[in-house]
Number of protein chains: 2
Amino acid sequence: MSDGSRLEDARLDVSRHAARLFWEKGFDATSGDDIAAAAGLSTRTVWRYFRSKEACVEPVLKVSELRFAALLGRWPKTDSIDEFLARSMTAFALDDAFIRDGIAAVRILAVLDREPALRSAWLMACHAAEMELRGVVADRAARSAEDLEVKLCAAAITAAMRLVDEEISAAVINDGVKVSSEEATARIVAAIRTAATLPICDAVA
Amino acid sequence: MSDGSRLEDARLDVSRHAARLFWEKGFDATSGDDIAAAAGLSTRTVWRYFRSKEACVEPVLKVSELRFAALLGRWPKTDSIDEFLARSMTAFALDDAFIRDGIAAVRILAVLDREPALRSAWLMACHAAEMELRGVVADRAARSAEDLEVKLCAAAITAAMRLVDEEISAAVINDGVKVSSEEATARIVAAIRTAATLPICDAVA
DNA sequence: GCATCGTCTGTCACTAAGTGACATCTAACA
DNA sequence: TGTTAGATGTCACTTAGTGACAGACGATGC
């Protein structure tokens, strides 16, 4: 593993602590010193890792989105989105890290209405995922990632997935609703299908 | 004009100064004191108006988007998006405040790649516009604004418009390309048409 | 017309977010 | 084994942002 990746792992670890503290104490009541102490490193290093306190939560929000984008990057051209996710989402969603980071993310998403700083971080995480999704769309559509239609398709899909994530998180955490993995997957698939502006959801080869 | 509106006007005025300073000096090199001095009020008041330095630029980014959303709110159900904007976009785009704030926004959008704090503010502004657009979509689709399909449609349209705004801004400021009002409108219309997931772009009554 | 009230603002002192400089440590490399 | 590059902690600092208080001003009621 390269040094860059090791640093990314370190940032993700700190981000997990930040997310837990933001969830337990609230954003304003959590200090940079709190985050540093929880993560076991100096406050200076926290500010080396993150450009702002709200940015501390971005990596853990981003990692779930990027893992999902990477999963979509392994989507065979011969499969529809339904076929592919029906087959792979269960194994993907059972992954330990995914569950742990997913819970952290779901908790953060549940409080966006009253924490603009966390919404800001979430929108930045979604934007990063959108950038990754451009590659997936470009590949399936056999077009350049710089193509405006590819960018638009990726942006629309990302927006749709963000909505579903927020809805499911609010339902689960705030309203106590139980949502099965299959149901969540079905809603994600439906959202991707509805939002996709290029014909990439069915087999393309 | 109510007090609330007067305060909003004050915040917008400060935001215009902030945007100009962020553009001229860069985000990091601009202090809260700088913004306060330029706006002619105390630093304390700047922090009463905004929750963070990056949030200072949100109002001026938001106002263009919200004005456009308000314009779409006046879109007759008997018109297509093309008909309506062909008729109303010129007068709308000639509005003095729109031009001034539009230029400020375009300049900010041109530097998003190297100013994550400004991108963060821009994404928050787009999110606010998305909330307004839900009403427009709900009205045209004769559905509730709480309907997930309405939310999804508004999110996809907002994402598409954001991309076009960013592309045009980067082209105009960074690449020196000239984009006419008619051309910008045509691109916005095309983006809205492509992204809309509900049948609202043509006459609905 | 004057008193009262609510809200906004500036001042002041302060906390917390975030930074620059320097020294130390450690892993990688020759 | 020595060198180098990069990460980290410490320290002192700047800047972002806050709480408390007093004054100003417009709205309201009598």
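We name chains A, B, ... by the order of the sequence lines, and we start the count at 1 in each one.
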Worksheet item: Between A/R51 (CZ) and C/dG18 (P), how many Å, whole number?
Response: 9 Å
Worksheet, complete the sentence: Taken to the nearest whole Å, CZ/B/R6 to P/C/dG6 is 18 Å
Worksheet item: Is it the case that B/D101 and B/S64 place a side-chain donor and acceptor less than 3.5 Å from each other?
Response: no
Item to complete: In whole angstrom, give the distance that lies between atom CZ of A/F27 and atom C1' of D/dA16.
Response: 12 Å
Item to complete: Give a yes/no answer on whether the side chain of B/T45 brings an N or O atom under 4.0 Å of OP1 or OP2 in C/dG10.
Response: yes
Worksheet item: Are A/W122 and A/E58 close enough that a side-chain donor and a side-chain acceptor fall under 3.5 Å?
Response: no
Discussion item. The test is salt bridge (charged side-chain N to carboxylate O under 4.0 Å, His left out); show your working for B/E167 and A/K151 and say whether it passes.
Written reply: CA-CA 10 Å; B/E167 298 260 314; A/K151 290 177 176 177; 2.7 Å; yes
Item to complete: Please report, rounded to the nearest Å, how far the P atom of C/dC12 is from the CG atom of B/D33.
Response: 14 Å
Worksheet item: Of all the choices, C/dT11, D/dA16, C/dA17, which nucleotide is nearest to the side chain of A/W47 once you look at every atom?
Response: C/dA17
Worksheet item: To the nearest angstrom, how far is A/E54 atom CD from D/dA16 atom C1'?
Response: 13 Å
Worksheet item: Do any side-chain nitrogens or oxygens of B/Y49 fall under 4.0 Å of OP1 or OP2 in C/dT9?
Response: yes
Practice prompt. Would you state whether a donor and an acceptor, one from the side chain of A/R44 and one from the base of C/dG20, lie under 3.5 Å apart?
Written response: yes
Worksheet item: Donor-acceptor pair under 3.5 Å: do we get one between A/R48's side chain and the base of D/dG9?
Response: yes
Discussion item. Evaluate A/E183 against A/K178 for salt bridge (charged side-chain N to carboxylate O under 4.0 Å, His left out), listing each step before the verdict.
Written reply: CA-CA 10 Å; A/E183 187 182 342; A/K178 275 187 169 296; over 6 Å; no
Worksheet item: Rounded to whole angstrom units, what separation is found between the CZ atom of A/F22 and the P atom of C/dA17?
Response: 9 Å
Discussion item. Salt bridge or not between B/E24 and B/R20? Use side-chain N to carboxylate O under 4.0 Å.
Written reply: yes
Worksheet item: Between D/dT14 atom C1' and B/D34 atom CG, what is the distance in whole Å?
Response: 13 Å
Response to the item:
By nearest-heavy-atom nucleotide on DNA chain D, the more 5' of A/D28 and A/L41 is A/L41
Worksheet entry | Nearest-Å distance for atom pair CG/P, residues A/L21 and C/dA16 | 15 Å
Discussion item. Any base atoms under 4.0 Å from B/S52, or only sugar-phosphate, or nothing? Heavy atoms, all strands.
Written reply: sugar-phosphate
